[in-house]
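Okay, so here's the structure we're looking at.
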Amino acid sequence: MSATPHTMHGPSARLAPFGESIFTTMSRLAVEHKAVNLGQGFPDFDGPDFVKQAAQRAIAEGHGQYARAFGLPETNRAIAAAAQRTCGFEADPEREVTVTAGCTEAIAACLLGLLSPGDEVVLLDPSYDSYAACVAMAGGVARRVRLEGPDFRITRATLAPAFSSRTKAILLNSPHNPSGRMFDDAEYAIVAELADQHDAIILSDEVYDAITYARPHRSIAQIPGVRERAVILGSLGKTFSLTGWKIGWAIAPPAITAGIRCAHQFLTFCAATPLQRAAADALSSVCRDDSYLKQLHSEYTARRNRMLDILNEAGFRCVEPEGSYFILVDAVEAGFPDDVTAARRLVVEAGVAAIPSSHFYDPAHPDHRWLRFAFCKRESTMLEARRRLLANPPRRLAERAV
Ligand code: GLN
């Protein structure tokens, strides 16, 4: 007997609560309304020539077949060397490094490879949208802790109650998307102590490690005792302005790596071979000579200051980022009822797209205050956004009835 032809198909019960990603939605609205897109965080400028040329060479030389599942040997080596430079720890390239299709796949591989059904994962809201979705796909349970803006500080009082005998992992992100916070050692120590007490794995998404303003990046793995229970997640995309290449990695002790690799081999098997070769060149080159990273830092500092000026001039109260390429502004203080209304009215009426950050919260406890602007953009893009925001000042929009 065949299935009834009227069955409605759609997302699984696990994914049904998630729907379309807010980045996809806002980028679509930006195109529809010919808006300047300061929503989805991708640079509107290209990555460096030396990295693109390395990929072109790799393709021309014929590196067109699968790579070793956990990474080309030279890529694993370059990632380990880069981690030593940025995070100050030794990693065994063969036993502790896994190359993935972007950090998003690394997060998925960690959760699918390490969680058993019902295991709990602590998330710090606002948290990147893929975290809760991947916990759900892995059959885990997200325990979401809300960090209150504008400080977004981790405190023992808010974090401790989220841990229990069911806690398998905590997933954190520093520099933090969307707040721009860089957690300090006192906050890291709270995480480390609770993880230690509950024997939990610390998953640390550090993809914005090269984009910092307040001070140089520090990995939670630099806190004594953390490295043996930590997975350090990174990627090429932000540092080299090549988000579409989707080259990421996970660095973890061998036992944890075994779980990650097991999931990774069944998810993508391996990341794109020629791009892995180019990634190896890119990472080795910045280990030899940091002039590219210095230039990246000075360019992003200028972009950050420019965007803060523009948003202040437009009348927004901003959260000054310590790292990352995002700025949160207070939509409610600007007169909007919430961030979603602000984002909709700005994209339609002012022609500027931003991300309503309530999508980064537990749907049961969202904070509707924060609107996120991305400034990984050319000067001309930011100036066009300025022109539009000054022509339609947000406060005036908020006062005007729809
Ligand atoms: N990381 C990017 C951001 O936060 C978006 C990536 C995506 O579109 N999934 O804007």
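Note that ligands are numbered from 1 as they come in the structure, with each ligand's atoms numbered from 1 the same way. All residue numbers refer to positions in the sequence shown, counting from 1. Keep in mind the model is a prediction, meaning the values are calculated, not measured.
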Within 45° cone and under 6.0 Å: Arg218 NZ/CZ vs Tyr188 ring:
no
Residues in side-chain contact (heavy atoms from CB on, under 4.5 Å) contact with Ala30, at least two apart in sequence or another chain
Ala35, Asn37, Ala353
Taking any residue with a non-hydrogen atom under 4.0 angstrom from an atom of ligand 1, which ones do you get?
Phe23, Gln40, Gly41, Tyr128, Asn177, Tyr208, Phe326, Arg372
Is the Phe375 ring parallel, tilted or perpendicular to the Tyr300 ring (thresholds 30°, 60°)?
perpendicular
Give a yes/no verdict on a cation-pi contact between Lys377 and Phe42, requiring under 6.0 Å between NZ or CZ and the six-membered ring centre and an angle within 45° of the axis.
yes
Quiz: residues 49-63 side-chain donor-acceptor pairs under 3.5 angstrom, not counting sequence neighbours:
{"unit_1": "Lys52", "atom_1": "NZ", "unit_2": "Asp46", "atom_2": "OD2", "d": "2.6"}
{"unit_1": "Arg57", "atom_1": "NH2", "unit_2": "Asp281", "atom_2": "OD2", "d": "3.4"}

Can you list, pair by pair, the side-chain donor-acceptor contacts under 3.5 Å of residues 108-119, counting residues two or more places apart and other chains?
{"unit_1": "Asp119", "atom_1": "OD2", "unit_2": "Ser116", "atom_2": "N", "d": "2.8"}

